[in-house]
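One structure is given below, encoded as structure tokens.
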Amino acid sequence: MNPVQAYTLLHQGTLALERAERAGIRVDVDYLERTQKELTEEMESLDSAFKDSKFYSDWAKSQDKEPNPNSSVQLSNFLYKVLKRKPPKLTETGRGSTDKESLQALNIPELQMILDGKKLKKIRDYIEGFQREQVDGWLHPSFNLHLVRTFRSSSDKPNFQNIPKRDKQAMRITRSALFPRPGHQLLEVDYGALEVRIAACYHKEPTMLKYIETGYDMHSDMCKQLFKLNGFNKNSPEHSYLRGATKNGFVFPQFYGDYFRNCAENMACTWGELPSTGKWRSGQGVQVEDGKSLSDHFLSVGIKDLVEFTNHVEEVEKDFWGNRFKVYARWKEKWWHQYQKTGHIDLLTGFRCQGIMGKNDAINYPVQGAAFHCLLWSFIEVDKMLQLPGWRSRIIGQIHDAIVLDVHPVELPMLVKHIKRITTEDLPRAWDWINVPLDVDFEVCPVDASWAEKEKLKT
DNA sequence: TGTTCATGG
DNA sequence: TATCCATGAACA
């Protein structure tokens, strides 16, 4: 695609996004008020319990000022200099980290209280953000197309793109504030594995194309290899846990440019075995194969500690880029070389990224940008359709690879049909560089229900 | 203003 | 060479 098409996309995109901003989303201000108070009370009682602890009084004795659990500097000094605990993890500048993972690894009950308090505060910050930005019970988040290096979008006031979802409690409390128009229902349309598919449009790796075309599960293949499992039962919660650990601890980090040592260490952390403790202890981790624990399974296949696991991950990484995805690997080298020669990279959507980039940047920007542009094109087309006379549904927002709509129930079946066509058929017809099948799934809330009530819609 | 930590993709 | 892109809050 050419720069004129790129410009046109942003121009039309701006107009379509503005209509979503103007439409807005309903927010229950009484609920915000109530919830803000409840969270504050809960935080206060947690805080006073914390201040009764020996941990707190020891901390207070160790310094001049009153201890502030929100200060990473104070907490880090107390834990790693006064108490002389070994930092489970360091920050980028080499100081002892006080993030959630580190504090949990230290296994001190009072630290869990600090974490619980921070979590409540984080949730309250979302509630207060909604209160600050709402006007007469409506939120109008901004969607920007001019701020992100990769030509993705961003959102602010309030940010519509980072409202809690993974943590059930945070999800429920924050999303329970957000509603469709009276008599309507919220609908979310999500592209499945969009970045992986768009990456394949650049590198055209045959193995990857096969995974995408057949719908065969790349992550469970990698999971079997990484954990040396013979079988893989998709329905067992244990395997689904390990598959998730593989996807988020190895496959995606590898795609984004991570390397085996980091991957191995991070994965070891996720099942509670920290690098400093050396050997696995028997009976740790989820149950795999014949009711054995993960750590016993590792011992039985000859991986007895983190060093040996790291060596194993190094082998898996070699196979990953040297055999399984070697065309992809060659594309990365070629692409990086091309950037070094010209100082810029051109996206399949007609955009050009310029400026100083590292290797990982040069390889990731084109994928991230073009993937979002697929969403933006779909957004524009769905918006165009809803502008036609008669429609009562409208788009209210967008989250990188997803569109959020406020739908009149009567229109739902027809709307789903049209959106499915636009996103998976019209788009690849309009952009001939898309050489992979696209897939979307739909989630819908009951009529008059909040965004916390989302459920899968079978189509 | 830079750093750290949380949230999302 | 070594995990990509954001927003927002709080601290020092």
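Computed from a prediction, not measured in an experiment: that's the story for all the values here. Throughout, a chain's letter reflects where its sequence line sits, starting with A, and its residues are numbered from 1.
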Is the phosphate of B:dG9, meaning OP1 or OP2, less than 4.0 Å from a side-chain N or O of A:Q398?
no
Using a 4.0 Å heavy-atom cut-off across all strands, classify A:K332 as base, sugar-phosphate, or nothing.
nothing
Of the candidate nucleotides C:dA9, C:dC11, B:dT4, which contains the atom at the shortest distance from the side chain of A:D125?
C:dA9
Classify A:I163 by what it touches in the nucleic acid, base, sugar-phosphate, or nothing, heavy-atom distance under 4.0 Å.
sugar-phosphate
Side chain of A:P164 - closest among B:dG8, C:dA6, B:dT4
B:dG8
Taking A:R243 first and then A:D217, would you say they form a salt bridge - that is, a charged N and a carboxylate O separated by under 4.0 Å?
yes
Would you indicate what A:R149 reaches in the nucleic acid, counting non-hydrogen atoms under 4.0 angstrom: base, sugar-phosphate, or nothing?
sugar-phosphate
Shortest side-chain distance from A:P253, nucleotide among C:dA12, B:dT4, C:dT3:
C:dT3
Is there a donor and acceptor pair closer than 3.5 Å between the side chain of A:R152 and the base of C:dC5?
yes
Closest to the A:R95 side chain, choosing from B:dT3, B:dC5, B:dT7
B:dT3
Distance in angstrom units between A:F252 CZ and C:dC4 C1', rounded:
12 Å
If I take atom CD in residue A:Q104 and atom P in nucleotide B:dA6, what distance separates them, rounded to the nearest angstrom?
10 Å
With a 4.0 Å cut-off on heavy atoms, is A:S155 in touch with a base, just the backbone sugar-phosphate, or nothing at all?
sugar-phosphate
What's A:Y126 touching, base or sugar-phosphate or nothing? Going by heavy atoms closer than 4.0 Å.
sugar-phosphate
Here the distance between atom C1' of B:dG9 and atom CD of A:Q368, to the nearest Å, is 8 Å
Length of the line joining A:E128:CD and C:dT7:C1', which is rounded to integer Å:
16 Å
Quick one: label A:E195 by what it contacts on the DNA or RNA (base, sugar-phosphate, nothing), any heavy atom closer than 4.0 Å.
nothing
Given C:dT7, C:dT3, B:dC5, which nucleotide is nearest the side-chain atoms of A:S97?
B:dC5
Please determine if a side-chain N or O atom of A:T98 lies less than 4.0 Å away from the OP1 or OP2 oxygen of B:dC5.
yes
Output yes when a side-chain donor or acceptor of A:D156 lies under 3.5 Å from a complementary backbone atom of A:N159, and no otherwise.
no
Out of C:dT7, C:dA2, C:dC4, which nucleotide sits closest to the side chain of A:D156?
C:dT7
Kindly confirm whether the side-chain ring of A:Y256 is stacked on the base of C:dC4, judged by centres under 5.5 Å and planes under 30°.
yes
Which is true for A:K165 with a 4.0 Å heavy-atom rule: it touches a base, it touches only sugar-phosphate, or it touches nothing?
sugar-phosphate
Report which part of the nucleic acid A:Y365 touches: base, sugar-phosphate, or nothing (heavy-atom distance under 4.0 Å, all strands).
sugar-phosphate
Sole candidate of A:D383, A:V382, A:L376 that passes side-chain contact (heavy atoms from CB on, under 4.5 Å) when paired with A:I380
A:L376
If only side-chain N and O atoms of A:T93 are considered, is one of them under 4.0 Å from the OP1 or OP2 phosphate oxygen of B:dT4?
yes
Measuring to OP1 and OP2 of B:dT4, would you say a side-chain N or O of A:T91 lies under 4.0 angstrom away?
yes
Applying a 4.0 Å non-hydrogen cut-off, can you work out what A:R132 is touching in the nucleic acid: base, sugar-phosphate, or nothing?
sugar-phosphate
Can A:Y31 and A:S450 be said to form a side-chain hydrogen bond (donor to acceptor under 3.5 Å, both in side chains), step by step?
CA-CA 12 Å; A:Y31 171 85; A:S450 80; over 6 Å; no
Testing B:dG9, C:dC11, C:dA2 for proximity to the side chain of A:N262, the answer is C:dA2
Whole-Å distance separating the CG atom of A:N364 from the C1' atom of B:dG9:
13 Å
Say whether, by atom type as modelled, one donor and one acceptor occur between the side chain of A:E205 and the main chain of A:V327 under 3.5 angstrom.
yes
Assess, by modelled atom type and distance only, whether the side chains of A:Q74 and A:W59 contain a donor and an acceptor separated by less than 3.5 Å.
no
Does either side chain, that of A:Q161 or that of A:S153, offer a donor lying less than 3.5 Å from an acceptor on the other one?
yes
Nucleotide nearest A:D258 (side chain, heavy atoms from C-beta), chosen from B:dT7, C:dA2, C:dA12:
C:dA2
What is the distance from NE2 of A:H400 to C1' of B:dG8, rounded to the nearest Å?
6 Å
Quick check on DNA chain C: between A:S72 and A:Q340, whose nearest nucleotide comes earlier from the 5' end?
A:Q340
Between A:N68 and C:dC11, does any side-chain N or O lie under 4.0 Å from OP1 or OP2?
yes
Quick check for you: among C:dC4, B:dT4, B:dC5, whose closest atom lies nearest to any side-chain atom of A:D361?
C:dC4
Which part of the nucleic acid does A:N162 contact within heavy-atom distance under 4.0 Å: base, sugar-phosphate only, or nothing?
base
Got a donor-acceptor pair under 3.5 Å from the side chain of A:N266 to the base of C:dT3?
yes
Interatomic distance, A:K121 NZ vs B:dA6 P [rounded to whole Å]:
13 Å
Using modelled atom types only, decide if a donor and an acceptor are shared between the side chain of A:R95 and the backbone of A:L90 within a distance under 3.5 Å.
no
Report the distance from atom CG of A:L147 to atom P of C:dC5, rounded to the nearest whole Å.
15 Å
